[in-house]
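Take a look at this one; I'll ask things after.
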2 protein chains.
Amino acid sequence: MYLRVLAELAGRQREITSAELARRTGYSSEQIRKDFACFGALGTRGVGYRIDVLQRQIRSVLGLDRPVPAAVIGAGNLGTALARYSILQDRDIQVLALFDVDPRRVGTEIEGVAIHHAEEMPSVVRRLGIRIAIVAVPPPAAQGVVDTAVEAGITAFLNFSPVKIQAAEWVHIQNIDLSLELQSLAYYVSARSLP
Amino acid sequence: MYLRVLAELAGRQREITSAELARRTGYSSEQIRKDFACFGALGTRGVGYRIDVLQRQIRSVLGLDRPVPAAVIGAGNLGTALARYSILQDRDIQVLALFDVDPRRVGTEIEGVAIHHAEEMPSVVRRLGIRIAIVAVPPPAAQGVVDTAVEAGITAFLNFSPVKIQAAEWVHIQNIDLSLELQSLAYYVSARSLP
DNA sequence: TCTTGTGAAATGCTTCACAGCA
DNA sequence: TGCTGTGAAGCATTTCACAAGA
């Protein structure tokens, strides 16, 4: 979030105060100063933080100082949409491959990125240096593709399947559960008691 | 999450203990008992909670005791995929309409659900009783479509645009920021220091 | 004078421990 | 005996308040 706000400001000014960042992000200024202190960024009292230094430092902490090769597993509706989204929007995470098991999809491409058969994962992952996988397969297939991907050397996952995936503790799995998000929305619908 | 686990168990058994739910969800048993106490569910000491009572009670608290009509705003790649996903997967949240401004899309349909022009939002929302909107439009358009939707009477949003949306405090906006999720993944990629 | 950097206080959340009931 | 229900304790996070430095 800091990177996003800083990118907007980068051309216009050289420094930014924690108070101004607070206004733009919605976090408190103390929180921001604590965060920055935590990853070693230091500001100038009476002035603020240098934007370019901050950007470099945050990128370095997040591991975004070079592009990170990624793959999308599952080239159905959601997988395809996510691939398009990531390819076009994100410069830091580069989607270099898709995987699927459907022979009608394998061999085609999305925005110039090839769809490989899931069995080719080990070789393709190694060849392209892929480090991140976005999982968008049907729930019953999720555990299996993650197992395969872990064996191929991937340790970071963004999982869209609504299932709890088991993996070694050094594997990071970040879940986005659309069903859960949708259902929890119902709670906030006002006037539920109306006819 | 409780509903998902309970649905799996519903046929097989009548009661469930907080300890067993803890095993299946990953939350602690005390947490679960506190949650259940909080929304008025009560179990039987020595036995556990009745699954059917629990389901009814959770649905009632969440406002899922009847289907909730919803719409998807933005029928691009992501919007279309989300619509398909919601229509097919979710029985509690019913996507009854899509909205877009592109005349090539307006008038067509996705899985039998019509794509309307965004200008028709007020009348369509009123006619179909829509209470939830899933926002999947380009960032610059997000604030505008939310304003329109709020005026049409929608108070709950699931926003996929990477922008902070301003709205009255009685409007609930839940954000899913794919860029942020992706970028934060980079942090968990192991061996960042390798060549 | 303005803003950082940070211990201390306050607040919120989770876990513990056990009384109470079927 | 087994499991719920819940105050109390422990732990974590956030906010406050202010000293220190440009």
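In the text below, chain A, chain B and the rest are named by the order of the sequence lines, each starting its count at 1. Worth saying up front: this structure is predicted, and the values here are computed from it rather than measured. We use all heavy atoms of the structure for the numbers below, so side chains are in, but hydrogens, waters and symmetry mates are not.
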Using only side-chain N and O atoms of B:Tyr27, determine if any of them is under 4.0 Å from OP1 or OP2 of C:dC13.
no
Please step through salt bridge (Lys or Arg N to Asp or Glu O under 4.0 Å) for the pair B:Arg4 and B:Glu8, ending with a clear verdict.
CA-CA 7 Å; B:Arg4 186 178 289 163; B:Glu8 285 172 21; over 6 Å; no
Report the C-alpha distance between A:Glu30 and A:Arg33 in whole Å, list the side-chain angles of each, state the deciding distance to 0.1 Å, and finish with yes or no for salt bridge (Lys or Arg N to Asp or Glu O under 4.0 Å).
CA-CA 5 Å; A:Glu30 308 92 310; A:Arg33 292 200 296 279; 5.4 Å; no
Nearest-angstrom distance from the residue atom CZ of B:Arg50 to C1' of C:dA22
15 Å
How about CD on B:Glu151, more than 12 heavy atoms from neighbouring residues, nucleotides or ligands closer than 6.0 Å, or not?
no
Please classify the nucleic acid contact of A:Tyr49 as base, sugar-phosphate, or nothing, using heavy-atom distances under 4.0 Å.
sugar-phosphate
How close or far is atom P of C:dG5 from atom CG of A:Leu21, stated in whole angstroms?
13 Å
Between the side chains of B:Asp35 and B:Tyr27, is a donor N or O closer than 3.5 angstrom to an acceptor N or O?
no
Could you state the CZ-P distance from A:Phe36 to C:dT6, rounded to the nearest angstrom?
15 Å
Tell me which nucleotide among C:dA17, C:dA22, D:dA19 gets nearest to the side chain of B:Arg33.
C:dA17
Check the distance between D:dT4's C1' and B:Leu54's CG and give it to me in whole angstrom.
13 Å
Given that A:Ala41 and A:Gly46 both sit by DNA chain C, which one's nearest nucleotide is further toward the 5' end?
A:Gly46
Nearest heavy atom decides the nucleotide; on that basis, is A:Ala37 or B:Arg45 closer to the 5' end of DNA chain C?
A:Ala37
B:Leu42 side chain, from C-beta outward: closest of D:dG5, D:dT4, C:dT6
D:dG5
C:dT4 P sits how many Å from A:Asp35 CG, rounded?
13 Å
Would you call the rings of A:Tyr49 and A:Phe36 parallel, tilted or perpendicular, taking 30° and 60° as the class edges?
perpendicular
Can you tell me which nucleotide in C:dA19, C:dT4, C:dT6 comes closest to the side chain of A:Ser18?
C:dT4
Among the nucleotides D:dA17, C:dC21, C:dT4, whichever has the atom closest to the side chain of A:Glu30 is D:dA17
Report yes or no: is there a donor-acceptor pair, N or O only, under 3.5 Å between the side chain of B:Lys34 and the base of D:dT4?
no
To the side chain of B:Ser28, which of C:dT15, C:dG5, D:dA22 is closest?
C:dT15
From the list C:dT14, C:dA22, C:dT4, which nucleotide is the closest neighbour of the side chain of B:Gln31?
C:dT14
